[in-house]
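Here is the structure we will look at, set down as structure tokens.
All values reported here derive from a predicted model rather than from experimental measurement. Residue numbering restarts at 1 for every chain, and letters A, B, ... go by the order of the sequence lines.
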Amino acid sequence: MKWIPQDIETFLNAKEYIDTAVIPLVPLSFEEDVKQSAEMSEFITLLTGYIERQFTGRIVLLPSFTYLTHKNMDFLLTELTNWKSSVEQGGFKHIFYVTSDIGWKEYEDILGPSLLWIPSIPLEKMEEMQKWIIVESQGKQLLNLFSRKWRENE
Amino acid sequence: MSKHQVTRRQFLSYTLTGVGGFMAAGMLMPMVRFAVDPVLKGEAAGSYHPTTQKVADLTDEPVRVDFTYKQKDAWYESDVTATAWVYKDKGTGKIVALSPICKHLGCTVNWNTNPDHPNQFFCPCHFGRYEKDGKNIPGTPPPQPLDLYPFKEKGGYLYLGKPQPRTEV
Ligand code: FES
């Protein structure tokens, strides 16, 4: 499901089936890494879009958690923890964070296996079909992680 | 297309009258939709999109066919990538092109990925299953068979239309 009223309506009516939230973590910068920031944003948008399409009936793709790079990581972590408790209160059993920002890797022990870090690939010069193939090959690995988590909790 | 269904004057009044304009828009919207819809529908149902699948290469085993096409909506034109599961039935010699969208809550189904239930379509979300011809298997969540793509053959290649729902197989 996407974060649009029509999907959320389905979510409200089928909560017992839709138990997983996906939160993209996307850095924003206007300094020398401005282009890299845009590249990550494109990649993570396509990647989470792919995951959403494969697993529409069980996940909700939330709006991106967007933050300025060079911001204090502890501050971001507190804010993300706030998101987490709200999302859990919203009825989700599983939460996955999807990011290309290496900054989060340090916090792997805090965020646990829900943190899915995947390096971004520049897609700017590619045809639509090529993009799709790249995104799919990366996305597939993530799909398995989702499935595994679900099976553990069966 | 029906660009002229809403007059300049109407548009100007939406944009210039602020909040009041929005309220008027609420009243006028149904009419606009009524005027535009048939055109859009006609376009969607009538068009077949090319794929890279050669019809002659199809066998009794379903293969995944991905294809990209341009879709116009009210905001912009975008590329859409869609998927079909296609096979040629051994018995009847007919081509069957199925939509991969699960009829339960819309996840993407795959062919033959559950070792416990070989030669079926399997939905990873809530373990829905379908027979090869797309028929939903009772006792699993999906309430209906998979949608069927209308298709055409052109120059040896498979062209796919817009998936159509079925009540039974
Ligand atoms: S979405 Fe396929 S079984 Fe629920």
Side-chain angles (χ1 to χ4, degrees), chain A residues 1-2 4 6-22 42 45-47 49-61 92-94 96 123 126-137 139-154, chain B residues 29 33 49-53 63-85 99-117 121-130 136 140-144 146-147 157 160 163:
Chain A
M1 311 277 142
K2 296 192 271 298
I4 54 173
Q6 155 198 1
D7 282 5
I8 295 311
E9 176 126 2
T10 314
F11 164 65
L12 293 174
N13 292 326
K15 268 194 162 178
E16 67 275 32
Y17 289 107
I18 304 160
D19 62 357
T20 304
V22 176
E42 182 186 26
T45 304
L46 290 178
L47 188 70
Y50 169 79
I51 295 171
E52 193 276 328
R53 235 170 303 128
Q54 300 300 309
F55 288 155
T56 306
R58 186 146 182 189
I59 71 174
V60 177
L61 175 57
F92 292 96
K93 255 207 268 166
H94 310 287
F96 287 101
L123 301 167
M126 289 184 197
E127 297 271 320
E128 214 49 41
M129 204 47 168
Q130 287 175 304
K131 279 191 195 176
W132 162 258
I133 291 167
I134 298 278
V135 167
E136 191 193 17
S137 68
K140 266 215 165 122
Q141 308 171 30
L142 299 186
L143 298 183
N144 290 331
L145 295 175
F146 280 73
S147 293
R148 204 181 305 156
K149 188 84 178 273
W150 289 337
R151 248 179 283 127
E152 272 170 22
N153 284 272
E154 271 316 302
Chain B
M29 255 347 244
R33 204 180 293 153
H49 308 293
T51 71
T52 54
Q53 178 67 44
V63 286
R64 213 184 84 180
V65 176
D66 292 334
F67 59 105
T68 302
Y69 59 93
K70 296 219 182 296
Q71 192 175 54
K72 255 189 214 155
D73 64 25
W75 310 109
Y76 44 78
E77 192 181 77
S78 54
D79 285 303
V80 181
T81 301
T83 295
W85 286 103
S99 156
I101 309 294
C102 183
K103 297 301 277 186
H104 178 221
L105 288 170
C107 293
T108 303
V109 304
N110 288 300
W111 171 247
N112 210 3
T113 42
N114 184 338
D116 295 339
H117 301 282
F121 289 100
F122 177 65
C123 178
C125 285
H126 316 101
F127 316 131
R129 289 185 282 124
Y130 302 84
N136 51 312
T140 71
Q144 272 159 22
L146 293 170
D147 291 358
Y157 287 94
L160 296 171

What's the separation between atom [atom1] in [X] and atom [atom2] in [Y], rounded to the nearest 0.5 Å?
{"X": "A:Asp7", "Y": "B:Leu105", "atom1": "CG", "atom2": "CG", "value": "10.5 Å"}
{"X": "B:Cys123", "Y": "A:Arg58", "atom1": "SG", "atom2": "CZ", "value": "10.0 Å"}
{"X": "B:Phe127", "Y": "A:Arg151", "atom1": "CZ", "atom2": "CZ", "value": "7.0 Å"}
{"X": "B:Asp79", "Y": "A:Lys131", "atom1": "CG", "atom2": "NZ", "value": "8.5 Å"}

* **Trace of the side chain to side chain contact (heavy atoms under 4.5 Å, CB included) decision for A:Trp132 with B:Thr68** => CA-CA 9 Å; A:Trp132 162 258; B:Thr68 302; 5.8 Å; no

* **A:Tyr17, A:Phe55, A:Phe146 screened by side-chain contact (heavy atoms from CB on, under 4.5 Å) with B:Cys125, the one that passes** =>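 Result: among A:Tyr17, A:Phe55, A:Phe146, A:Phe55 is the only option passing the side-chain contact (heavy atoms from CB on, under 4.5 Å) with B:Cys125.
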
* Asked: With distance as the sole test, does B:Thr81 use its side chain to make a donor-acceptor pair with the main-chain N or O of A:Met129 at under 3.5 Å?
  ->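 Such a contact is absent between B:Thr81 side chain and A:Met129 backbone.
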
* Asked: Quick check: does any side chain N or O of B:His104 sit under 3.5 Å from a backbone N or O of A:Gly57, one acting as donor and the other as acceptor?
  ->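 Not confirmed, B:His104 side chain does not pair with A:Gly57 backbone.
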
* Kindly check if the number of other-residue, nucleotide or ligand heavy atoms within 6.0 Å of CD (A:Glu127) is above 12? =>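 Open: at most 12 neighbouring heavy atoms sit under 6.0 Å from CD of A:Glu127.
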
* To do: Heavy-atom distances under 4.5 Å only: say whether A:Glu16 touches chain B with side chain, backbone, both or neither.
  =>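 No part of A:Glu16 comes within 4.5 Å of chain B.
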
